[in-house]
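The chains referred to below are lettered A, B, ... by the order of the sequence lines, with proteins before strands, and numbering in each begins at 1. Side-chain atoms are counted along with the backbone in the values below, which use heavy atoms only and exclude waters and symmetry mates. Keep in mind the model is a prediction, meaning the values are calculated, not measured.
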Protein chains: 2
Amino acid sequence: MKWKELEEEPCSMARTIGVIGDRWTLLILRECFLRTRRFEGFQSALGITRHLLAERLKKLVRQGILRRVPYQESPKRHEYILTQKGLDLYPIMMAIVHWGDTHMVDERGRPLLHQHRNCGKDFDPVMVCSECGEPVLAKEVHTHPGPGARRTLTKKETPEPAPKAKPRRKAA
Amino acid sequence: MKWKELEEEPCSMARTIGVIGDRWTLLILRECFLRTRRFEGFQSALGITRHLLAERLKKLVRQGILRRVPYQESPKRHEYILTQKGLDLYPIMMAIVHWGDTHMVDERGRPLLHQHRNCGKDFDPVMVCSECGEPVLAKEVHTHPGPGARRTLTKKETPEPAPKAKPRRKAA
DNA sequence: TTTGACAGTTCAAAAATAGAACTATAAGAA
DNA sequence: TTCTTATAGTTCTATTTTTGAACTGTCAAA
């Protein structure tokens with residue numbers, strides 16, 4: 001599977017991964033949410049090669065996640081600002097940070113805390129159900145095909161020549 | 001920055017990205033949540049090369065995200081099961097899917113719907129504040145250093161030789 | 001005895017990334 | 001005027017990753 005194809009898969013996850021699913025892109029987006037806007041800012045914060053940075057920024061602009069906005073004439077210079085589509089990535093970023101906070105911290109504790117202006121407290125993100133408001137656990141979720149479905153992902157196009165599913169081995 | 005170093009950054013996001021932040025790993029994890037457990041299952045569902053699949057599975061096992069469990073003797077065979085640490089990735093997966101559902105669907109609609117067993121309805125994941133229960137918007141969040149902080153990310157080790165920040169250009 | 005399922009491993013070729021240098025514009029300093 | 005610095009890239013080669021395809025080994029069933 002080529003990465004271009006990913007974006008055409010009938011799977012919202014594959015499509016999203018096709019857009020933001022690589023390490024540098026995720027780190028660039030983290031910087032965006034930390035208010036970095038300029039080429040040099042990204043480069044020095046991340047240590048990414050200038051070549052790759054230029055390429056990734058272009059892709060994010062093409063995808064409508066960042067907007068390239070002029071901030072100075074002669075020489076013309078631009079900064080990169082999150083669009084609404086980009087801002088909508090926030091729950092993904094927070095979910096990633098929260099998993100790291102839970103499973104990847106050392107004895108010193110969390111590197112970064114998040115304060116919710118609304119209530120003034122440091123918080124964790126909690127994923128709840130839009131319908132009943134309760135926290136969602138993986139085990140409580142059943143997936144089923146929606147209108148845009150076809151197959152779950154690539155699945156070799158061959159229509160399963162002979163699905164004979166006889167148990168042929170003794171169980172352990 | 002090498003990828004090994006990423007995991008040692010004082011940033012929960014960088015550390016998490018070091019573990020799951022590549023395209024194939026995310027797709028493998030998606031398959032895990034769709035109940036795929038075996039090597040051949042992953043391989044045929046994703047079209048990933050066997051070489052990379054073996055490598056990625058090994059890494060996920062090393063990281064404690066998957067457990068390699070024997071399901072048959074002679075020949076010995078194993079399947080890959082999500083640990084609790086792995087199950088905790090669910091909010092990340094759901095956040096990714098939800099962004100795709102919002103921004104990457106075609107006219108046909110969503111490929112996959114998620115039903116919450118608790119309330120019986122198809123739902124969207126909503127990120128709320130653990131303290132006040134309200135949905136969290138990026139603009140309402142203020143980040144500040146926690147106990148494990150040092151710097152936000154790599155930041156060239158040089159301590160800013162001369163940070164003279166005089167405005168030297170006319171604004172646009 | 002041959003075939004097929006399963007879970008990998010091996011190896012050459014192609015693609016992506018790293019690292020470093022180079023280009024260009026313009027302001028300010030010497 | 002010339003030199004240096006800031007910013008935002010581009011270009012080039014070397015290294016690393018990923019792909020694609022074939023190969024290995026165990027066992028069961030035909």
Side-chain angles (χ1 to χ4, degrees), chain A residues 1-6 18 21-28 36-61 66 68-80 154 156 160-172, chain B residues 1-6 18 21-28 36-61 66 68-80 154 156 160-172:
Chain A
M1 180 169 25
K2 279 91 183 176
W3 288 118
K4 206 61 201 170
E5 295 169 37
L6 251 196
D22 77 285
R23 291 151 137 135
W24 284 125
T25 300
L26 287 167
L27 288 171
I28 289 168
T36 300
R37 296 157 128 76
R38 299 185 186 176
F39 192 94
E40 296 295 323
F42 291 110
Q43 205 282 318
S44 72
L46 296 173
I48 184 176
T49 62
R50 312 176 72 75
H51 179 46
L52 254 205
L53 176 57
E55 200 142 75
R56 291 291 192 272
L57 287 173
K58 251 180 224 155
K59 182 173 180 185
L60 287 168
V61 169
L66 296 179
R68 193 157 169 274
V69 181
Y71 70 89
Q72 168 190 287
E73 294 296 328
S74 85
K76 213 162 173 85
R77 299 242 185 280
H78 302 82
E79 44 190 14
Y80 296 89
T154 321
K156 291 278 189 276
E160 296 290 325
K164 46 182 168 180
K166 318 176 218 170
R168 283 136 56 75
R169 316 237 179 265
K170 60 182 170 197
Chain B
M1 178 167 31
K2 279 92 185 175
W3 287 119
K4 205 62 200 172
E5 296 169 36
L6 249 196
D22 77 285
R23 291 154 137 133
W24 283 125
T25 299
L26 287 166
L27 288 171
I28 289 168
T36 299
R37 296 157 129 76
R38 300 187 185 174
F39 192 93
E40 295 294 325
F42 291 110
Q43 204 282 319
S44 71
L46 296 173
I48 184 175
T49 62
R50 311 176 71 76
H51 179 46
L52 252 206
L53 176 58
E55 202 143 73
R56 291 290 193 272
L57 287 174
K58 251 179 224 156
K59 181 172 180 187
L60 287 168
V61 169
L66 296 180
R68 192 156 170 274
V69 182
Y71 69 90
Q72 167 189 286
E73 294 294 330
S74 81
K76 211 161 174 93
R77 299 237 186 282
H78 303 82
E79 43 190 15
Y80 297 89
T154 322
K156 290 280 189 276
E160 296 289 324
K164 46 180 169 181
K166 318 175 219 170
R168 284 136 56 73
R169 316 234 181 267
K170 59 183 173 197

May I ask you to evaluate whether A:Lys58 reaches the phosphate of D:dT10, defined as a side-chain N or O under 4.0 Å from OP1 or OP2?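 A:Lys58 to D:dT10 OP1/OP2: side-chain N or O found under 4.0 Å.
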
Can a side chain N or O of A:Tyr71 be found less than 4.0 Å away from OP1 or OP2 on D:dA8?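 Looking at the OP1 and OP2 atoms of D:dA8, one of them is under 4.0 Å from a side-chain N or O of A:Tyr71.
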
Starting from [atom2] on [N], measure out to [atom1] on [X] and report it in whole angstrom.
X	N	atom1	atom2	answer
B:Glu73	C:dC6	CD	C1'	15 Å
A:Leu46	C:dG19	CG	P	14 Å
B:Phe39	C:dA5	CZ	P	16 Å
A:Arg68	D:dT7	CZ	C1'	12 Å
A:Gln72	C:dA27	CD	C1'	10 Å
A:Arg77	D:dG9	CZ	P	8 Å
B:Gln43	D:dA22	CD	C1'	14 Å
B:Lys76	C:dC6	NZ	P	19 Å

Salt bridge (charged side-chain N to carboxylate O under 4.0 Å, His left out): pairs with one or both residues in residues 39-52 of chain B, sequence neighbours excluded: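 Residue pairs with at least one partner in residues 39-52 of chain B: B:Glu40-B:Arg50.
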
Any N or O donor-acceptor pair under 3.5 Å from the base of D:dA8 to the side chain of A:Arg38?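 Such a pair does not exist between side chain and base.
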
Shortest non-hydrogen contact from B:Leu52 to B:Trp24?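 Smallest interatomic distance, heavy atoms only, reads CD1-CD1, 3.3 Å.
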
Taking every non-hydrogen atom, the tightest pair across A:Leu53 and A:Phe39: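 Between these two residues, the closest heavy atoms are CD2-O, 3.4 Å.
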
Partner set under side chain to side chain donor-acceptor pair (under 3.5 Å) for [X], not counting sequence neighbours:
X	result
A:Lys59	none
A:Lys58	none
B:Glu79	B:Arg38
B:Arg23	none

For A:Phe42, which contact category applies under a 4.0 Å heavy-atom criterion: base, sugar-phosphate, or nothing?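 A:Phe42: no heavy atom of the nucleic acid under 4.0 Å.
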
Proximity to the side chain of B:Ser74 - top-ranked nucleotide from C:dG8, D:dG9, D:dC27: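 Of all the options, the side chain of B:Ser74 is nearest to D:dC27.
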
Polar atom pairs between nucleotides 15-18 of chain D and protein, under 3.5 Å, N or O only, would you list them?
from: D:dT18; atom 1: OP1; to: B:Arg56; atom 2: NH2; distance (Å): 3.0
from: D:dT18; atom 1: OP2; to: B:Arg56; atom 2: NH2; distance (Å): 3.4

